[in-house]
Protein chains: 2
Amino acid sequence: MRSLGVSRAIDYIHVASTEGSAVPRVTIRDVAARAQVSTATVSRALSGARRVSPDVVQQVRRAAEDLGYSGNGIASALRRSRTDTVGMVVPSIANPFFTSLVESVEHALQQAGRQLFLCSSRSDPDLEAQRVRSLVARQVDGIVISPVHGTDSTEAVGWAAAELPLVQVDRYVRGVPTDWVGVDDDAGLGLVVEHLAARGVRSAAFVSSQLTNSSTELRLAGFRRHTERLGIAVGRGSVLLGEYSIDWGRKAAAALLGSGRLPDAVVCADDLIALGVLQTCSEAGVAVPGEVLVTGFDDIPFSALSAPPLTTVRQPQELIAAEAVRLLQQALGRVPGEPARVALPPSLVVRASTG
Amino acid sequence: MRSLGVSRAIDYIHVASTEGSAVPRVTIRDVAARAQVSTATVSRALSGARRVSPDVVQQVRRAAEDLGYSGNGIASALRRSRTDTVGMVVPSIANPFFTSLVESVEHALQQAGRQLFLCSSRSDPDLEAQRVRSLVARQVDGIVISPVHGTDSTEAVGWAAAELPLVQVDRYVRGVPTDWVGVDDDAGLGLVVEHLAARGVRSAAFVSSQLTNSSTELRLAGFRRHTERLGIAVGRGSVLLGEYSIDWGRKAAAALLGSGRLPDAVVCADDLIALGVLQTCSEAGVAVPGEVLVTGFDDIPFSALSAPPLTTVRQPQELIAAEAVRLLQQALGRVPGEPARVALPPSLVVRASTG
DNA sequence: GCACTCCATGTAATCGATTGCCGAATGAGG
DNA sequence: CCTCATTCGGCAATCGATTACATGGAGTGC
């Protein structure tokens, strides 16, 4: 299990301050002593909270530098009662859609001088509740959450929202009036269905996850509304609900193929499902887009690489993240007012899977 | 930009405690007052740090419950001088390999009762240094880092390692003796090259990133060593260095195809590159594995979905993460000794891209 | 019945930085 | 030369939980 063969490639250097076992932390008192001023002055000189004469600032900087002082964020946080940190809870880190969202949020926060505490709820409402409690106990300044479940997550989200600023992204729970930012799911399905109609599609199936959260519900509702509007047939047994995964996409496609009544198009509620569908079609020798058209939702990076590349709905995650962070900062500043509900418009990315 | 059409779908409920603007935090004193005991007893009753009589525990629990007390992790952290939090710094959150690693580390930490502070260095040593300083200032108990650069990251890693326990994963910087956990890159390339040799490959190219970090260097070294050992030709201009991205894979493949001298196999230093190579081959009508074999490294989830599915080297990220967390915990307990260098064995996943 | 141990609980110091308030010094205006 | 404003630095309280040490009462052994 343990092969140390690589260590030969490493040259050691001497790290100056590792000698003692427990290196005592340099505190503001040490700096004050060395600079021969009070701790108050050190604090002011370093943070700029109040004017300090230039030469004293020099001394203090010098002393801090010499001692390698790096401050104690915990003590500072306790006194100022803010941590400059926000927590983020997502159902899965493995789903590239959430990955992009996390990356964008991290980036937006960084520009606002804050850090990200990342938690994965692993699609488990209990674990999610635990993570939320933990974040609140750690005094994060705010929370960005994509709740696992439309109703089972309500309690945790509601409780947290009462404690601190909270923004829901992508999904939201019923009944808790917090800010929300996401994509306009109905519009997204409108784009897809119109595109399919223009391609001459007369019948369609929908493959999605169980209807346990808002965005899933809205996507199905959008699918139904727009297909009806455009006269596209949706047969009985043509709406398959499982989970957001490649594997479910495979299974659902196998079921559709097995049923013998393949529709003109398979609309998927996310790209992972669609990739699974494509894979099964390819294995079964069903031509895409020859015999059936397939679409996804999210536009994850790999949807451009499948065979055939996938037509999908692009979510503006950068914008979603930026808006979420903006709302959070805003909520940090003032008393809570009417919660904002921001549904950003998606766009259609047409690739070979729809001809 | 802002369409609020979705809000109609939301039912509000009244959240009890949102009425006042600033909800004053419930502190341990409040609980103590209500339970008619001292704060010391509350602390002991809730944490179990020392025996407290059962009925007092009841009272305290009751009081805490009634008031909705959730503790102040910051104050606790200050006093105990530990935060039960570790920081993780990775070059990119978008790369699925790091994503898996992050998820695994998060999971392992959770089981150890700790939380994860995630930072992306965006492959920028300066940003990385900044993030590391910030983590140290926030008093994380330890750091897990995959350093961006083999030499430019040395200063930040060395400084941090002198301040607190630090484990490097996947990559390591030269000259700083810290724990490291990763995969045995040389063995990984051994698996690939032997497999190719068995398939009758006589010449090969290597597509990788610039040699700015340890694992990239080791992979190239492994490629050279094993091809030489097995008598596979590596022509001049057959080692292409760019970056770990799909896009670079595309460009490199285009260069190889354009040169007119296509080798029997293209060995890629990670799956992203390999996926780019596959895409370009497919577009150019070059059959894989008919005319050229292609391999990757990492075994990201999407490597099974490409056309054709990709033969690659699987990294045991779960194990890497678990081992990293184990080493960190160990380092938290005792004085630092000889750093551990753990190179875990990879395995080969054979798919259609090598026939 | 006395001395001693043990245990539950309380008192108060402590972690390290921030900040309200105060006083000394300096300078300006009359 | 005096008053008043302004600036800069220090003192000490404070954030909220933990914990070393103190205390008082019950229980034990002789």
Side-chain angles (χ1 to χ4, degrees), chain A residues 22-61 63-64 67-85 134 136-141 163-164, chain B residues 22-61 63-64 67-85 134 136-141 163-164:
Chain A
V23 187
R25 277 274 200 171
V26 178
T27 76
I28 200 173
R29 310 184 89 87
D30 303 327
V31 178
R34 182 172 243 260
Q36 300 187 321
V37 294
S38 71
T39 60
T41 301
V42 174
S43 174
R44 290 172 187 140
L46 294 178
S47 75
R50 234 171 64 180
R51 237 200 83 80
V52 172
S53 66
D55 27 344
V56 175
V57 171
Q58 276 306 313
Q59 276 173 55
V60 171
R61 287 244 179 81
L67 297 171
Y69 175 68
S70 55
N72 183 327
I74 293 298
S76 169
L78 176 59
R79 179 63 229 245
R80 301 192 309 141
S81 58
R82 49 179 285 189
T83 50
D84 291 327
T85 292
S134 166
V136 171
R138 275 157 212 264
Q139 315 287 114
V140 294
D141 293 342
E163 298 277 325
L164 41 68
Chain B
V23 188
R25 277 278 200 169
V26 178
T27 75
I28 200 172
R29 311 185 90 86
D30 303 325
V31 178
R34 183 172 241 261
Q36 302 187 323
V37 295
S38 71
T39 60
T41 302
V42 173
S43 175
R44 289 171 189 141
L46 295 178
S47 73
R50 242 171 59 181
R51 237 199 86 79
V52 173
S53 67
D55 27 344
V56 174
V57 171
Q58 277 304 312
Q59 278 172 53
V60 172
R61 286 243 179 84
L67 297 172
Y69 174 68
S70 56
N72 184 326
I74 294 299
S76 168
L78 176 59
R79 180 63 230 246
R80 301 192 307 143
S81 58
R82 49 179 284 192
T83 51
D84 292 328
T85 293
S134 167
V136 171
R138 274 159 212 264
Q139 316 287 119
V140 294
D141 293 343
E163 297 279 324
L164 40 69

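All values reported here derive from a predicted model rather than from experimental measurement. A, B, ... follow the sequence lines: proteins, then strands. Residue 1 opens every chain.
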Remember a base hit wins even if backbone is also touched, and classify A:Thr27 as base, sugar-phosphate or nothing at under 4.0 Å, heavy atoms. sugar-phosphate

Does [X] have a side-chain nitrogen or oxygen under 4.0 Å from the phosphate oxygens OP1 or OP2 of [N]?
X: A:Ser38; N: D:dC11; result: no
X: A:Ser47; N: C:dA17; result: no
X: A:Ser76; N: C:dG16; result: no

Go nucleotide by nucleotide along DNA chain C from the 5' end; which of A:Ala75 and B:Val52 gets its closest nucleotide reached first?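 Going by which nucleotide is closer to the 5' end, it is B:Val52.
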
Under 3.5 Å, is there any donor-acceptor pair linking the side chain of [X] to the base of [N]?
X: B:Arg79; N: C:dT14; result: yes
X: A:Arg50; N: C:dT18; result: no
X: A:Arg51; N: D:dG9; result: no

If I take atom CD1 from residue A:Ile74 and atom CZ from residue B:Arg138, how far apart are they, to the nearest 0.5 angstrom? 9.0 Å

Look up atom CG in B:Leu164 and atom CZ in A:Arg25, then write down how far apart they are to the nearest 0.5 Å. 6.5 Å

In whole Å, what is the span from the [atom1] atom of [X] to the [atom2] atom of [N]?
X: B:Arg25; N: D:dG16; atom1: CZ; atom2: C1'; value: 11 Å
X: A:Arg44; N: D:dC8; atom1: CZ; atom2: C1'; value: 9 Å
X: B:Arg80; N: D:dC15; atom1: CZ; atom2: P; value: 21 Å
X: A:Asp55; N: D:dC8; atom1: CG; atom2: P; value: 10 Å
X: A:Arg82; N: C:dA17; atom1: CZ; atom2: P; value: 18 Å
X: B:Arg138; N: C:dA17; atom1: CZ; atom2: P; value: 15 Å
X: B:Ile28; N: D:dT14; atom1: CD1; atom2: P; value: 18 Å
X: B:Ile74; N: D:dT14; atom1: CD1; atom2: P; value: 21 Å

If I compare all heavy atoms of B:Val42 with all of B:Val37, which pair ends up nearest, and what's the gap?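 For B:Val42 versus B:Val37, the nearest heavy atoms are CG2-CG2, 3.8 Å.
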
Quick one: on DNA chain D, does B:Gly71 or A:Val37 contact a more 5' nucleotide (nearest heavy atom)? A:Val37

Among [options], find the nucleotide with the atom closest to the side chain of [X].
X: B:Val56; options: C:dT19, C:dG16, C:dT9; answer: C:dT9
X: A:Leu78; options: D:dC15, C:dT19, D:dC8; answer: D:dC15
X: B:Ala40; options: C:dT11, C:dT18, D:dG9; answer: C:dT11

Taking B:Thr83's backbone N and O only, do any of them form a donor-acceptor pair with B:Thr85's side chain (distance below 3.5 Å, no angle check)? yes

A:Arg29, CZ: over 12 other non-hydrogen atoms inside 6.0 angstrom: no

